[in-house]
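Below: the structure, in structure tokens.
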Amino acid sequence: MPADDAGVSALVSPVSGPGLTASEQVTVTIQNFGTNTLTSIPVVYKLNNNTPVSKTWTGSLSPGNTVNVTFTQLINLSSPGTNYTLKCWTTLAGDQEHSNDTLISSIANTSGVYCTAGASMCDEFISNVNMLGSNHQTSCSTGGYANYTSQQFSMSTGQTATLSIYNGPPVYTGDVCGVWVDWNNNAIFTDDPPITVTNGPSLFSATITVPQNVPSGPVRMRIRISYNEIPSPCDISEYGEVEDYTIQVTQVFSDDAGVYLVLKPPTGMDLSAINMVKARIRNYGNHSLTNLPITYRVNGATPVTETFAGPLLPGDSTDFTFSTPADLSIAGTYTIKVYSGVPGDVQHSNDTVTKQVTCYHFGNQLFTSGPVMNSPGSGFNGADESTVQLSIGLTSFGYYTRISSSFSVAEDFTVPAGETWNIDGLLFCSYQTGSTTTSPMTWVRFRIWDAPPPGGNLIFGDNTTNRLNHSFFSNIYRVYDTASGEHSRPLFYDYCTVSPTLQLNPGTYWVEWETMGNLMTGPFVPPLTISGQVTTGNARQRHDSIWINLVDGGSQTFQGLPLKVFGNNQPLDNATLSGTIKYLNTSL
């Protein structure tokens, strides 16, 4: 592995989709692939054949770690239906491994790009379209397709109208007709509610109803007449014609409130009988709302209904916490349903949100190395945060633990004098940059030593057995203290079983562990995080066979790592065994 080796590992933004603008921000993830800590990395992007744009990132990037770099110069991706090529690369001095320097991405502006449709022969054709008193008379079009989107039919949300489509002449008994409306404006007709066409073959009818949740603005309607086939909004048929029109929607609400998000409780360990239930509610209508009923149910049990006094103005959201707590103290998975019940609300698609919450019981906690969370409730969607405290000189998000790259870390714990610990589980913490809150972790293996590795004796575990039992979102995001709310690094708790139970007598022991996940980044372990404190422990990190003390890249101070030990303890019945293993099944 080269000493100095950096490259672009991911394009964070922009991404393909509709609505790309002339002012899109470019953010890339760069990674230290070498063995030296890097403090200055030049990064370049180039859009199509335009002039390259350069920026130099400065900081401290430890081996294996990543950091996101955002350019100040924006790019123009506003042309609908256009595919752009964005090339990003690093130009680190002394980097002799160039295979990982560059990332080339294709970005498509899909706004208004609809599938091709038409017909080879125009024996059948749309001769007249009539709706809401607007009449559009046409003849057969070249290639069996005509774009009449300049012809608009004005409708409001919830409104229903009859669409009449006249066929030919000539008219054949096998003639069929299809109608589609792209209500969600994603240039796809088949993921919107189907429209039933009746009558025919000379005059077809369809009922058009604008869904309540369609925003104001134009949407495309496609009409097709063809012969003796199942109508499809796309492709070229042998006979018939396709015409596109515009429905101009005006959004009109009455009283409409709903639940946007269930914020609490999160999945976690040893949840109690008094967990607060917190939800984000929103006024989707155009009337100010007061005395808004909000209800939650757990696993279909008796509903708990309380009232938000308000007022809640049109378009506004607020977080509502129920005064009646939920009992989630028994281990298992709970279904929590939260919903609104505004009188006169006829739009029910946004009323309800359901959340799955799991309570884990891992037994008695014998030891914890310290906290990883230092900012409760300040994060994305009300989650907690573990902040990299740039304000006091800390800069490291986390430390590499990837099995396939031969990285591991180690943290110590002490069995106090006069106790014997029977250990049946360990809990670690990890993340992979860019993951969702569904855990990407697939593998954890660990070893326990009776002295700081690589010294001492191996007393438990190996470097081949996957001991991961559960991995779940901790409700914590790892962020810079200057970027609260950022959510690209959700932290996960990884519970591993120790089986059979390991019995330890007084002394200090070291747990070495390494991880794998299903993403290309990391995995990483965050350091212990204590507000205002730069030194948090004495953990160690291994790469291949080389062990070093774990230090923060900015402050260069020693760091500890999150570790919990579960089991039970009992009085020591033989003082002469102090500092040794009383019992160990060596069949592991």
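Along the sequence shown, the residues carry numbers beginning at 1.
Residue pairs meeting the ring-ring contact (aromatic ring centres under 6.0 Å, His included) criterion with at least one partner in residues 288-312, sequence neighbours excluded, are Y296-F322. Among pairs with a residue in residues 192-218, none fulfils ring-ring contact (aromatic ring centres under 6.0 Å, His included), at least two apart in sequence or across chains. Among pairs with a residue in residues 162-171, those fulfilling side chain to side chain donor-acceptor pair (under 3.5 Å) read N167-D175, at least two apart in sequence or across chains. Within the structure, disulfide bond (SG atoms under 2.5 Å apart) pairs that include any residue of residues 189-229 do not occur (at least two apart or interchain). Residue pairs meeting the salt bridge (charged side-chain N to carboxylate O under 4.0 Å, His left out) criterion with at least one member in residues 218-228, sequence neighbours excluded, are R220-D244, R222-D244, R224-D235. Within the structure, salt bridge (charged side-chain N to carboxylate O under 4.0 Å, His left out) contacts touching residues 310-327 (residues at least two apart or in different chains) are R280-D319.
For T29, the side chain to side chain contact (heavy atoms under 4.5 Å, CB included) partners are S9, A10, V12, T66, N68, not counting sequence neighbours. Here R297 pairs with nothing under the side chain to side chain donor-acceptor pair (under 3.5 Å) rule; sequence neighbours left out. The ring-ring contact (aromatic ring centres under 6.0 Å, His included) search around F397 returns Y480, not counting sequence neighbours. Under the side chain to side chain donor-acceptor pair (under 3.5 Å) criterion, S323 pairs with E306, sequence neighbours left out. By the side chain to side chain contact (heavy atoms under 4.5 Å, CB included) test, P169 pairs with no residue at all, sequence neighbours left out. Considering only residues two or more places apart in sequence or on other chains, V262 meets the side chain to side chain contact (heavy atoms under 4.5 Å, CB included) condition with V338, V353, K355.
Contact annotation: the side chain of N130 never approaches that of H136 to less than 4.5 Å [non-hydrogen atoms, C-beta and beyond].
In the displayed structure, K55 atom NZ is contacted under 6.0 Å by more than 12 heavy atoms of other residues, nucleotides or ligands.
Y360 and Y493 have their aromatic ring centers separated by at least 6.0 angstrom.
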